[in-house]
Structures are given as structure tokens and as C-alpha cells.
**Q** 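Take a look at this one; I'll ask things after.
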Amino acid sequence: MGVTIKDIAKAAGVSYSTVSKALRDSPLVKPQTKQKILTVAKEMGYQPNIAAKSLVSKKSNTIGVVWPTVERDALSALATKINDELEKHHYHMLLSINPIHSAVNVFNRFQVDAILVFSEKAPPNVLQSAVPILFYGEPGPSSYPTFNVNRRQAVKKAVEYLYQLGHRKIAYIGDLTKQNKNQQEKLIGFQEGCKDLHLSPSDTITVNTNGLNWQDGYQAAEQMLDICTPTAIIGGSYDISVGILRAVKKAQLKVPADISLISYDNIPQSANQDPPLTVTGAPIEKIAEQMIKSLLTLIRNESLEDIPTLDSELVIRNSCTSLRMIEG
DNA sequence: ATTTCTCGGCTCCGGAAGGC
DNA sequence: GCCTTCCGGAGCCGAGAAAT
């Protein structure tokens, strides 16, 4: 058992209510008494008991986050940013990779203040939760607010940028699974972008990775390169793009000299690749910021007006080159 | 089966002490 | 005697264990 305010009270020779006030910097405690209590607390290694605090305040200052997987770099980056953003507001984060229903159930028992559900596919029925839930990505049951980013626009921007560089033979390598709306949005963005720019359907290639891990991207790119070599590729996620990069290198080709590459997922890690990747998508700092802003609104019991869909940004680094330069 | 107690921390209310 | 300052005790919170 850890040190409690009762232990400190005994050691400091005051009552525990005085310790409580001193620790909360209450003006009702004499400065000398306060200083003595703080010194004793520090010496004894006192750490406040969150469970006890939440009993009184009816708040745990904890957010439950339902996460699909911890294995993808893109998601770890977002989880880190969300945690940073929560810390700014003195909140803690509990992460669960359980299925949505059981995670929501456990979080309610832990008495979190709100739950953020990162959903890659909509849950089949209504969730039982005493605390507010915010969905990110795939909309949940209609009664729950959803926060989203403009994936379609992101991929479209990538197509337009590659077009400006002179590319006409462009591949999109991503998860094309029909059930996953988020991934479908990216595909639609690619198709719309190509159509708007009158790219020949025979030159635009879509390759299904059947997954979002780097291995999925690697295999899909490897198979594609056996058959054809586009001048540019758009990877459907950061992890997929990492796989594509490996496959391109294995095929004795160079990015960007032989093939330009743009990755979906606007995360800082993209800059650490060789070469640093040009990326598209909403910056994860902005995603985390907007997400937590919406969550805190829900916690305050205020109604959430329309949550804005975050626009994407293209970050140009070194993985794309002008087609003229390749030819020259 | 029902009631009481326990955990740790917070807050309200009131008592003790001291100054005028 | 009154007022202010400082501190202490009771009660509360929720869930589960222990007692009845």
C-alpha cells in the first residue's frame, strides 16, 4: 500500500484534512504548516490516489481510447500526439486494443470521463456507455458524434501534384477492401483525381494490399512491379508506403529517380525515410488537437455542433521528381 | 439476503486559540 | 465579547468485501 494523506498527517502532526488542503495549496492553511506538509509528503514519496480523487470529484481525468492495433507506425504516431494533447489538458489516456464493445465496457468500469473510438469499421449495434463517446474515422451508431479527416481530398491532391510534375502513369496501392469506408474514400479520391485530369484509365493502376501493414504494401508493390512499372505511386498509408519503398529498392529501382512516391498519412516519421517521403493527409498534430477539443466539449456536457472535417495538406519532401528530370 | 464497513481524498461546517 | 485564523471531524463518493 502506498503513502496516503493519513500517513502524512501522522508524520506532520496535523489532521488529514489539513494535509488535503495543503496539498491543494489552499489559503486556509498557514504557509509554515503548508511547507512542512509538502516537505513530509515529498520525503515520504506521496503520490495522490486517482481512484480516491475520482470518487469525490466524479471525474477520473482519464480518457479511454479504443485502438485497432499497436503494430502500425502511423497509428503509434497518432496515439503519441493524442497523449501529448491530453497531457496539456491534465488528462491521462488508457489504450485498449480489445474489440469495441468489450473496450467500451471496461472503460466504463474504470470510470473514464470519455471514450475515443478509432474505428476502421462501424460497430454492428448500439454501444452501452455511461460516458460520452467520440468516433474517429468510420461513423459509429448514429447517436454518437464522429470526427473525420478528408481522405478523398488528400489522395486527390497527391494525384494533382504528380500530374503537375508530368506523371501520367500513376498507381495507387492501398487497402481496397469494400467494408472499410476510410480506405474506400482514398480510392475514390484517386479515381476522381485521375478522371478530372483526363488520365487514361489504362495508365492508372490500382493495387489492393488487402491490409494496412508494411508487409501488405511490400507484397502488393512487388507483384505490381513484376507486371508493370508506373512512373509514380501513391501509398495508401505510411506503413504501406514503407513496404512499397522496400519493394522498389528490391527491384533495383530508385525513389525518386525511377519512381516517385507519395504516402498517405501526414506524420513526422515520413521525414526519416530514405528518401524523406512526400506525404498527403491532415497533419496528425491537427487531428489530435481537434479530436481532444471535441472530447473535452463532450465531457463538459456541451453539445457538439458539426465537427469540422479536417482538410489535408501536401508536404513536399524528396520522394517525388519531375518526369522531365527522369527522362533527361 | 441484507446491512455495514472499508478504501483515500475532498469539502463543509464548526471548534479552539489568539488578538483586539 | 467579538472577530479572524487555523485546523479537525463528519460525511460523502462507488464498489466490493466482510459481517450479521
Side-chain angles (χ1 to χ4, degrees), chain A residues 1-67 70 79 82-119 123-136 140-141 143-145 291-304:
Chain A
M1 182 95 72
V3 178
T4 71
I5 57 169
K6 284 173 188 171
D7 300 321
I8 299 168
K10 204 174 168 186
V14 295
S15 77
Y16 55 82
S17 63
T18 304
V19 175
S20 172
K21 283 174 206 162
L23 293 174
R24 292 171 57 76
D25 200 20
S26 162
L28 298 173
V29 181
K30 225 169 23 172
Q32 298 97 299
T33 313
K34 200 181 282 180
Q35 191 51 52
K36 185 183 175 190
I37 291 168
L38 291 176
T39 307
V40 172
K42 196 176 174 187
E43 280 169 5
M44 295 177 78
Y46 170 76
Q47 291 289 334
N49 184 314
I50 292 176
K53 254 186 174 177
S54 61
L55 263 181
V56 180
S57 64
K58 290 182 176 290
K59 273 186 77 193
S60 60
N61 271 51
T62 304
I63 302 292
V65 181
V66 187
W67 216 241
V70 287
I82 289 172
N83 191 61
D84 291 348
E85 199 60 31
L86 283 172
E87 273 201 337
K88 279 188 207 164
H89 295 91
H90 310 289
Y91 272 82
H92 312 284
M93 176 170 97
L94 289 179
L95 199 67
S96 172
I97 53 171
N98 280 358
I100 295 177
H101 280 85
S102 81
V104 167
N105 189 274
V106 170
F107 284 149
N108 270 273
R109 289 167 67 183
F110 271 101
Q111 301 190 318
V112 299
D113 294 336
I115 299 172
L116 172 66
V117 178
F118 187 102
S119 65
N125 46 37
V126 174
L127 297 161
Q128 297 284 330
S129 175
V131 298
I133 298 181
L134 175 69
F135 276 80
Y136 171 64
S143 52
Y144 296 107
M291 217 180 253
I292 301 313
K293 198 174 153 194
S294 303
L295 267 180
L296 295 177
T297 306
L298 286 173
I299 291 171
R300 287 195 302 270
N301 238 336
E302 292 168 11
S303 65
L304 253 185

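The shown structure was predicted, so the numbers you read here are calculated from the model rather than taken from an experiment. Within every chain, numbering begins at 1; the chains are lettered A, B, ... in the order of the sequence lines, protein sequences first and strands thereafter.
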**Q** So, for Leu298(A) and Ile133(A), which heavy atoms are closest and what is the spacing to 0.1 Å?
**A**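 The pair with the smallest heavy-atom distance is CD1-O, 4.0 Å.
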**Q** With distance as the sole criterion, do the side chain of Lys21(A) and the base of dG8(C) form a donor-acceptor contact below 3.5 Å?
**A**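 Side chain to base: pair found, below 3.5 Å.
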**Q** Quick one: Tyr46(A) OH to dG8(B) P, roughly how many Å, whole number?
**A**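 Distance, rounded to whole Å: 10 Å.
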**Q** Any side-chain N or O of Ser20(A) below 4.0 angstrom from OP1/OP2 of dG9(B)?
**A**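 No, because none of the side-chain N or O atoms of Ser20(A) sits under 4.0 Å from OP1 or OP2 of dG9(B).
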**Q** Just checking Val29(A): base, sugar-phosphate only, or nothing, at a heavy-atom cut-off of under 4.0 Å?
**A** sugar-phosphate
**Q** Ignoring hydrogens, what is the shortest heavy-atom contact between Phe107(A) and Ser96(A)? Give both atom names and the distance.
**A** CZ-CB, 3.5 Å
**Q** Among dG8(C), dC6(C), dG9(B), which is the nearest nucleotide to the side chain of Thr33(A)?
**A**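 So the side chain of Thr33(A) is nearest to dC6(C).
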**Q** Could you tell me how far apart Gln35(A) (CD) and dC7(C) (P) are, to the nearest whole angstrom?
**A**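 From Gln35(A) CD to dC7(C) P: 14 Å.
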**Q** Between atom CD1 in Ile8(A) and atom C1' in dC10(B), what is the gap in whole Å?
**A**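 Ile8(A) atom CD1 is separated from dC10(B) atom C1' by 14 Å.
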**Q** Measure the distance from CD1 on Ile5(A) to C1' on dC7(B) and round it to the nearest whole Å.
**A** 12 Å
**Q** Tell me: CG of Asn61(A) to P of dC10(B), nearest whole Å?
**A** 12 Å
**Q** Report the distance from atom CD1 of Ile37(A) to atom P of dG8(C), rounded to the nearest whole Å.
**A**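 Computing the Ile37(A):CD1 to dG8(C):P distance gives 8 Å.
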**Q** Would you say the side chain of Tyr91(A) lies within less than 4.5 Å of the side chain of Ile292(A), judging by non-hydrogen atoms?
**A** no
**Q** Restricting to non-hydrogen atoms, name the atom on Thr18(A) and the atom on Val29(A) that form the minimum distance, rounded to 0.1 Å.
**A** O-CG2, 4.0 Å
